[in-house]
Undergrad: 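To start, I am sharing the structure in question, which I have written as structure tokens.
So that the names make sense, note that chain A is the first sequence line, chain B the second, and so on, each numbered from 1.
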Amino acid sequence: MNPLDTTEVSRLLIEIGRRLELAGESSFKVRAYYNAAENLLALTTPLPELIAGGKLREIPGVGEAIAEKIIKLHKTGTHPTLELMREQIPAGVLDLFAIPGLGPKKISVLHSSLNISSLEQLEDACKAGRLEDCKGLGAAIQKKILHGFDLMRRGAGQRRMDDASDLLHAASVNLKKSHPHLKRLVPAGGVRRGCELVEDLTLVAQNSGNEIAINQELRLIVSDEAHYGLTLLFGTGSAAHLELLTARAKAQGFELNESSLVNKSCARLPKGDVPCREENDIYAALGLSFIAPELREGKPLAGGLNEIELAAQDRLPTLVTDADIRGVLHSHTDFSDGAETLSAIAGATRARGYAYYGVADHSKTAAYAGGLKEEKVRVQHKLADDLNAEYAREKSPFRIFKGIESDILDNGALDYPDAVLDTFDFIVASVHSRFTLDKESQTRRLINAVSHPRTTILGHMTGRLLLRREGYTVDIDAVLQACAKHGVVVEINANPNRLDLDWRWHQRALELGCMLSINPDAHSISEIDLTRWGVLMARKGAVPKERVLNCMSLEAISDYFAQRKSKRA
DNA sequence: GCCGTTTTCGGCCCGACTGTTTTCAGTCG
């Protein structure tokens, strides 16, 4: 067998952790496995190299016992301890962790008392009311579990964009090997449109041929050279966009469908088949400027006009691109729950060509995430000053900004006294607790937070976790209005679990006058690159770079932070 | 199980919410 890579080993460490939990092991022991698994994922050196060099123990959280397990897991794909645990409890029991509200204790009860070993059996038991009389469970939990199944069903067939994108990428690599004659093989469908949740997995390629279904979910549409643009256009969608486009074609004297664009009566072009080698051939024939895939949703954008109407007037916004992003704001270090030192992650940010790194570790109330007490804030600031001095000596145009992700307390207050808040260059205010406040209280709380003269950015406004948790109930429009009024920047959290604020609200934010900031919320070096998902969202929301805070140059953003600070007084 | 030391054991993430409990346990962020 092939040796396992870090991701696979990490997954097995998590399985061991889960099984230890079910066995009632100490939570500290369990967490040791989860910690090690997470730190393994953050590695940049390949596992075989670390093992060969005897460097496993240098990974934080990896001691003697876990190092031994990593080696065996890597080499053999399993471990005697794991195999022993697998004999005790069937794999289906682990699936129960996916239901919100179910943890190790309740799952143990479900397994031992009700003999439940799979999601299917759990649902049957709930429907039959068998949890009601079970000690430690009850009718309310039974209802909650059924609601959990409901949530899972609603998300069924949907994937987060990063997963869908990875899948298509992997499929492309395989296809290129098995079908070397395929040309111009690209992702289409929801992935190309930058949808935060993707239902269709579609690839488009050029060759003589037709649609190939790779498996039940994955579709490859193959086109000849003359129709590639058309195939890509229809493979990308959305249905609403194509409908509008077809209607426009008809109105202009064309007939448009997925196999041809025919000029029936338009005087601008020769009659008959219109060549469609590129997507733009179709847009151009219909008198439209090119419409970026992210905008193809057939919904009103700026000024109530949809993308087709805007394209017809050549008024499509210029969308922000990855290259426009000049720096990283909102990222964590090992001062709180990040994996890297400030020096390492700032260095990695600099190496990627960015001009600044805004550190924003958790504030003191977020104890579970190692939030910074005042003393640690001072230590971090000294370190940032020293690093900045170093950059200056190297004549490097790179700078660390001193920020904090301040918890928004119950009443909307920030998490430090003003004197401490004043020592930061910028402040990201975020909610991490009390998700279940009623709409009015939650809205008031957020408005209070953005009314604070020291708040710079409002972090992940709704707290949603895609496919896992709805955002909390809050009057988004009212909060955006408050952000506009107080000059608070609205975060587009780029973590693919969040992508919060949702792109459907971006136009409203722009209309009210808000700036947006595309923030990776990185907890490790590799997570700096999550930024691209946020860029994709901003593009989908038709946000231009002029309205993105971290598209500002180092000089401009330094001035911006300084000005915000001076206005407080 | 890891870590750090004031080194070989004791601490490690704490507080709120929910439901089941009748004074607290499990789950979550």
Side-chain angles (χ1 to χ4, degrees), chain A residues 13-14 16-40 56-70 73 79 81-82 85 96-111 113 131-148 151 332 334-337 339 361-373 376 405 407-411 415 430-438 441-442 445 459-460 462-465 468-472 493 495 497-498 500 521 523:
Chain A
L13 288 177
I14 289 170
I16 294 176
R18 285 287 193 217
R19 289 180 178 280
L20 289 171
E21 270 191 287
L22 287 174
E25 275 286 356
S26 138
S27 62
F28 297 111
K29 185 169 170 178
V30 170
R31 195 157 56 235
Y33 279 89
Y34 293 154
N35 276 343
E38 196 169 320
N39 290 332
L40 217 54
L56 273 185
R57 302 271 312 257
E58 288 175 17
I59 304 169
V62 175
E64 193 184 340
I66 292 185
E68 185 266 340
K69 291 200 174 59
I70 291 174
L73 290 170
H79 189 278
T81 313
L82 177 59
M85 289 192 291
L96 306 189
F97 277 101
I99 305 284
L102 286 188
K105 301 292 155 111
K106 292 204 175 77
I107 291 174
S108 283
V109 174
L110 287 166
H111 180 55
S113 303
L131 273 62
E132 282 168 26
D133 303 324
C134 192
K135 192 170 156 53
L137 304 170
I141 286 166
Q142 183 172 271
K143 197 174 155 199
K144 198 171 166 188
I145 292 172
L146 284 172
H147 179 69
L151 261 181
H332 300 262
D334 61 359
F335 273 76
S336 68
D337 60 351
D361 272 310
H362 286 283
S363 63
K364 61 180 177 180
T365 296
Y368 61 87
L372 274 59
K373 302 231 170 71
K376 268 178 105 179
E405 183 180 19
D407 264 33
I408 297 175
L409 307 180
D410 287 12
N411 56 3
D415 200 13
S430 309
V431 163
H432 292 110
S433 60
R434 306 294 301 272
F435 299 131
T436 51
L437 288 181
D438 62 79
S441 314
Q442 197 70 274
R445 180 188 187 195
H460 47 73
T462 74
R464 76 173 179 187
L465 293 175
R468 283 191 287 156
R469 186 178 77 202
E470 310 271 347
Y472 32 77
N493 190 294
N495 186 308
N497 286 294
R498 295 188 181 272
D500 181 11
D521 199 352
H523 288 70

Undergrad: Which value, in whole Å, describes the distance between the P atoms of nucleotides B:dG1 and B:dT5?
TA: 23 Å
Undergrad: Could you tell me whether A:Thr436 contacts a base, only the sugar-phosphate backbone, or nothing, with contacts defined as non-hydrogen atoms closer than 4.0 Å?
TA: sugar-phosphate
Undergrad: Could you give the distance separating B:dT8 and B:dA16 at their C1' atoms, to the nearest angstrom?
TA: 37 Å
Undergrad: Which parts of nucleotides 3-16 of chain B does protein reach within less than 4.0 Å, heavy atoms only, written one letter per nucleotide 5' to 3' as B for base, S for sugar-phosphate only and - for none?
TA: S--------BBS-S
Undergrad: Of the options B:dG19, B:dT27, B:dG1, whose atoms approach the side-chain atoms of A:Ala140 most closely?
TA: B:dG19
Undergrad: Do A:Leu137 and A:Gln142 come within less than 4.5 Å of each other through their side chains, counting heavy atoms only?
TA: no
Undergrad: Once you round it to whole Å, what is the distance between C1' of B:dC2 and CG of A:Leu20?
TA: 14 Å
Undergrad: Would you kindly give the CE-to-P distance between A:Met85 and B:dG1, to the nearest whole Å?
TA: 10 Å
Undergrad: Which nucleotide, if any, forms a Watson-Crick or G-U wobble pair with B:dT8, using both distances under 3.5 Å?
TA: none
Undergrad: Counting only side-chain heavy atoms from C-beta out, which of B:dT27, B:dT20, B:dG1 sits nearest to A:Pro104?
TA: B:dT27
Undergrad: Can you identify which nucleotide, out of B:dT20, B:dG1, B:dG29, has its nearest atom closest to the A:Ala32 side chain?
TA: B:dG1
Undergrad: Under 4.5 Å between any side-chain heavy atoms of A:Leu20 and A:Tyr34, yes or no?
TA: no
Undergrad: Which nucleotide wins on minimum distance to the side chain of A:Lys106, given the candidates B:dG26, B:dT20, B:dG1?
TA: B:dG26
